[in-house]
Amino acid sequence: MLKRKVAVLVSGGGTNLQALIDRQQAGEIPHGQLTVVISDNPQAYALQRGEKAGLAVAAIPRRQMTPEQFEAELQAILEKYCIEVIVLAGFLSILSADFVRKWPERIINIHPSLIPSFCGKGFYGLRVHQAALDYGVKVTGATVHYVNEIPDGGKILLQKAVAVLPGDTPETLQKRVMEEAEWQLLPQGVEMVCANLSANRTV
Ligand code: GRF
């Protein structure tokens, strides 16, 4: 079966990357092939996870370059590895509209809330969970969506709800959302996008 080459873009710990690696090793992403892990932060632990799994890894130190240079390097790495699908898995840089338009329905992101709640510019990491707790919602969750030029604004592919429990802190809620939703949804989303590409194309 033809496998679509997948790049995973990361900035930090990489537990979502680990979920992808584990699910691929379990045979649950038959239409995709994790190929390269790219970080905008050379210190990201996610790079070590990628190496350990035998994937190619690359760091592009974003802070030392302009956004244009960063995206040019990113595009060059994606082309070098013949990438067809890009997964943002805890990737903190915002990609420009120009870049995103080059990859229509080829970039997906995992966001730790039920979009359209608690999303968009400034909602990342623990801030998302703090906002959910401040609002007092009883249910939150995670969303896998296509990336377009609006932050967290692309078409929704998958969502899963997670209960907010009395006494939750942003940290406990983050952990529950990861365990109960993110680590399941992201591998499913990658398989869905890769399988769709295979179904719609004669190659
Ligand atoms: C996750 O909560 C993800 O939804 C968000 O950033 C976090 C990344 O965690 N976009 P990790 O690096 O995958 O552990």
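This structure is a prediction, so every number in the text was calculated from the model and none was measured. FYI, side chains are in, hydrogens and waters are out, and symmetry mates aren't considered; it's all heavy atoms of this structure. As the structure lists them, so they are numbered: ligands from 1, and atoms in each ligand from 1.
- For atom 11 (P) of ligand 1, the choice among T15, V10, V8 with the nearest heavy atom turns out to be T15.
- Nearest to atom 5 (C) of ligand 1 by heavy-atom distance, out of A89, A142, A181, P112, is P112.
- For ligand 1, none of its N or O atoms has an N or O atom of H111 under 3.5 Å away.
- Among V87, I107, L74, the single residue meeting the side-chain contact (heavy atoms from CB on, under 4.5 Å) criterion with L9 is L74.
- Relative ring orientation between F70 and F91 is described as parallel, the plane-to-plane angle staying below 30° on a 0-90° scale split at 30° and 60°.
- Considering only non-hydrogen protein atoms, atom 6 (O) of ligand 1 sits nearest to G90 CA, 3.6 Å.
- Considering both main-chain and side-chain atoms, N16 comes within under 3.5 Å of ligand 1 through a nitrogen or oxygen pair.
- Here the heavy atom of the protein found nearest to atom 9 (O) of ligand 1 is M178 CE, 3.4 Å.
- Of all non-hydrogen atoms in A181 and V162, the two that sit nearest each other are CB-CG2, 3.8 Å.
- Taking each heavy atom of V147 and V100 in turn, the nearest pair found is O-CG1, 3.5 Å.
- Every N/O-N/O distance between G12 and ligand 1 stays at or above 3.5 Å.
- Remark: minimum distance from atom 1 (C) of ligand 1 to any protein heavy atom is reached at E182 OE1, 3.1 Å.
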| request: Would you please test D40 and S11 for side chain to side chain donor-acceptor pair (under 3.5 Å) and show each step? | output: CA-CA 6 Å; D40 56 3; S11 299; 2.9 Å; yes
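- Polar contact with ligand 1: present for G14 (N/O pair, distance under 3.5 Å).
- At least one side-chain heavy atom of Q75 sits less than 4.5 Å from a side-chain heavy atom of K102.
- Of the listed residues (V128, T143, D152, I110), the one carrying the non-hydrogen atom nearest atom 10 (N) of ligand 1 is I110.
- With contacts defined as side-chain heavy-atom distances shorter than 4.5 Å, the pair S117/V137 does not qualify.
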